[in-house]
Number of protein chains: 2
Amino acid sequence: MDDLTEKMAQAFDAAPIGMAVSHHRVLSICNTSFAEMLGYDRPDLLGQSFRILYPSHAEFDRVRDIGLKAMEEHGSYSDERMMRRKDGVPVWCRFRARTLTPDDPLAHLVMSFAPIRDQLDGAQLTKREREVLSGLSRGMTSKEIGRELGLSPRTIEDVRARLLRKFEVKNTSELLSRMSYAQPRN
Amino acid sequence: MDDLTEKMAQAFDAAPIGMAVSHHRVLSICNTSFAEMLGYDRPDLLGQSFRILYPSHAEFDRVRDIGLKAMEEHGSYSDERMMRRKDGVPVWCRFRARTLTPDDPLAHLVMSFAPIRDQLDGAQLTKREREVLSGLSRGMTSKEIGRELGLSPRTIEDVRARLLRKFEVKNTSELLSRMSYAQPRN
DNA sequence: TGGTTATACGGTATTGATACCGTATACGAT
DNA sequence: ATCGTATACGGTATCAATACCGTATAACCA
């Protein structure tokens with residue numbers, strides 16, 4: 001068999017970004033990163049509907065038509081969307097898709113999924129950490145964030161320090177370059 | 001030959017994101033998106049050094065060691081960096097890499113490249129600004145960036161100040177959160 | 001030719017960030 | 001029940017960042 005083909009397949013599998021192929025919204029193949037990102041063993045995913053990877057049936061329906069027109073015209077589409085891990089934890093992703101069948105885009109899709117908060121293997125953010133991160137991304141000082149949250153600036157500094165340790169970065173700038181704005185949730 | 005292998009190779013090729021494999025900084029294979037993103041015909045890229053894809057030899061040297069330690073430890077690395085199209089136009093990318101040879105990370109790398117945006121809020125970055133931004137996103141201080149670029153720390157502070165004015169942000173953290181690819185453009 | 005901008009560097013002054021030291025409560029897991 | 005972690009706060013010490021003051025050169029543009 002073709003050596004080049006084998007190398008490309010290996011590259012697909014080892015890619016540092018989640019990748020998957022679907023036919024009419026059924027996953028036919030995916031790579032290791034994709035399965036890991038969503039907390040599955042790969043064999044459990046193959047042949048499954050993408051339904052199980054979205055937070056709800058409504059969301060699954062909603063995203064179906066999104067980007068259809070763009071793909072009919074340009075063959076590709078990109079947005080940011082929420083996926084659902086096996087354990088139920090939502091993952092906010094940069095989603096990219098290219099169709100190999102522009103007349104019927106969903107018939108054969110190649111997709112990539114990049115978690116927006118990467119470097120985040122298992123480490124998830126607490127509510128406080130998200131609140132503080134939100135302030136930091138808006139350029140606020142610890143003092144200002146403390147005022148906003150009704151806390152001592154010292155406490156904000158504690159949370160910052162914890163974030164720096166957690167993500168193994170040297171300072172807040174590096175932290176924010178690794179993470180995107182994290183919307184505070186409850 | 002294996003049908004699955006062929007499908008994975010096809011997915012690699014048609015991926016909606018630039019992908020490439022290198023051995024010791026020489027490109028061995030890449031997909032269509034990668035060649036398109038950088039303005040080349042794919043055959044012209046295969047076997048080439050990655051040198052031609054960076055803005056300068058200095059930049060090519062500089063990025064070599066970046067992320068080596070992370071890859072030795074975790075097998076993967078990600079940052080944002082400037083690539084150079086065939087026509088000389090710089091492209092700001094989200095770069096991700098996974099090594100298949102953790103003992104010698106550069107021996108066998110699988111990479112993905114996602115263009116962040118074509119224009120940064122209409123404002124163009126100068127070469128200096130890009131170099132400084134690169135250091136900042138890696139958590140370096142002005143002093144450290146100055147050393148890396150052979151400049152006075154004071155000059156780095158000037159460039160930082162210019163960046164803060166240009167993007168109308170309060171500090172470096174807000175700057176980097178805006179430069180992140182996941183950020184909504186204003 | 002003058003105006004603007006980028007580059008590069010010096011000084012000083014103030015604020016902010018970060019790293020330590022410490023205490024204390026709360027909560028979940030083993 | 002003890003361990004680990006998150007939370008919350010206090011202090012001090014040091015370094016970094018930012019904002020000003022200044023000068024100077026080079027490039028480009030109207």
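Below, chain A is the first sequence line, B the second, and so on; all start at residue 1. Just so it is clear, the structure is predicted and the values come from calculations on it, not from any experiment.
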Open item on the list: Rounded to whole Å, please give me the gap between NZ in K170(B) and C1' in dA19(D).
Closed with: 16 Å
TODO: For dA17(C), take OP1 and OP2 only and decide whether either is under 4.0 Å from a side-chain N or O of T172(A).
DONE: no
Open item on the list: Counting only heavy atoms and a strict 4.0 angstrom limit, can you tell me which residues of residues 138-153 of chain B come near DNA chain C?
Closed with: L151(B), S152(B)
Task: Note, L106(B) side chain near L68(B) side chain (heavy atom, < 4.5 Å) - done: yes
- [ ] Could you note down all residue pairs passing ring pair (Phe, Tyr, Trp, His ring centres under 6.0 Å) where residues 6-49 of chain A supplies at least one of them, sequence neighbours left out?
- [x] H23(A)-H108(A), F34(A)-F113(A)
- [ ] Sequence neighbours left out, what passes side chain to side chain donor-acceptor pair (under 3.5 Å) with S134(B)? Give chain and number order.
- [x] R62(B), R138(B)
- [ ] Could you tell me whether R154(B) contacts a base, only the sugar-phosphate backbone, or nothing, with contacts defined as non-hydrogen atoms closer than 4.0 Å?
- [x] base
TODO: Mind calculating the distance between CZ (R128(B)) and C1' (dA27(D)) to the nearest angstrom?
DONE: 15 Å
Open item on the list: Does anything in residues 32-51 of chain A form a salt bridge (charged side-chain N to carboxylate O under 4.0 Å, His left out)? List the pairs, not counting sequence neighbours.
Closed with: D13(A)-R42(A)
Task: Distance in angstrom units between L175(A) CG and dG16(C) P, rounded - done: 19 Å
- [ ] Write down the distance between CG (L176(A)) and P (dA17(C)), rounded to a whole number of angstrom.
- [x] 12 Å
Open item on the list: Could you tell me how far apart E174(A) (CD) and dA17(D) (P) are, to the nearest whole angstrom?
Closed with: 13 Å
Task: cation_pi(R25(A), F60(A)) dist<6.0 Å, angle<=45 - done: yes
Open item on the list: Treating primed atoms plus P, OP1 and OP2 as sugar-phosphate and everything else as base, which nucleotides of nucleotides 23-30 of chain C get B, S or - for protein heavy atoms under 4.0 Å?
Closed with: --------
TODO: Could you check if a side-chain atom of S78(B) sits within less than 4.5 angstrom of a side-chain atom of R94(B), using non-hydrogen atoms only?
DONE: yes
Task: Interatomic distance where CG belongs to L164(A) and C1' belongs to dC20(C) [whole Å] - done: 15 Å
Open item on the list: For a quick test of reading the model: is some side-chain N or O of R160(A) closer than 4.0 Å to OP1 or OP2 of dA17(C)?
Closed with: yes
Open item on the list: Salt bridge check, K69(B) against E72(B): does any charged N sit closer than 4.0 Å to a carboxylate O?
Closed with: no
TODO: Measure from CG on L136(A) to C1' on dA17(C) and round the result to the nearest Å.
DONE: 11 Å
Open item on the list: Per the salt bridge (charged side-chain N to carboxylate O under 4.0 Å, His left out) rule, what does the pair list look like for residues 150-159 of chain B, sequence neighbours excluded?
Closed with: R154(B)-D158(B)
Open item on the list: Rounding to an integer number of Å, can you tell me how far E157(B) CD sits from dT15(C) P?
Closed with: 17 Å
- [ ] Give, for atom CD1 of I17(A) and atom CZ of R96(B), the distance between the pair rounded to the nearest 0.5 Å.
- [x] 5.0 Å
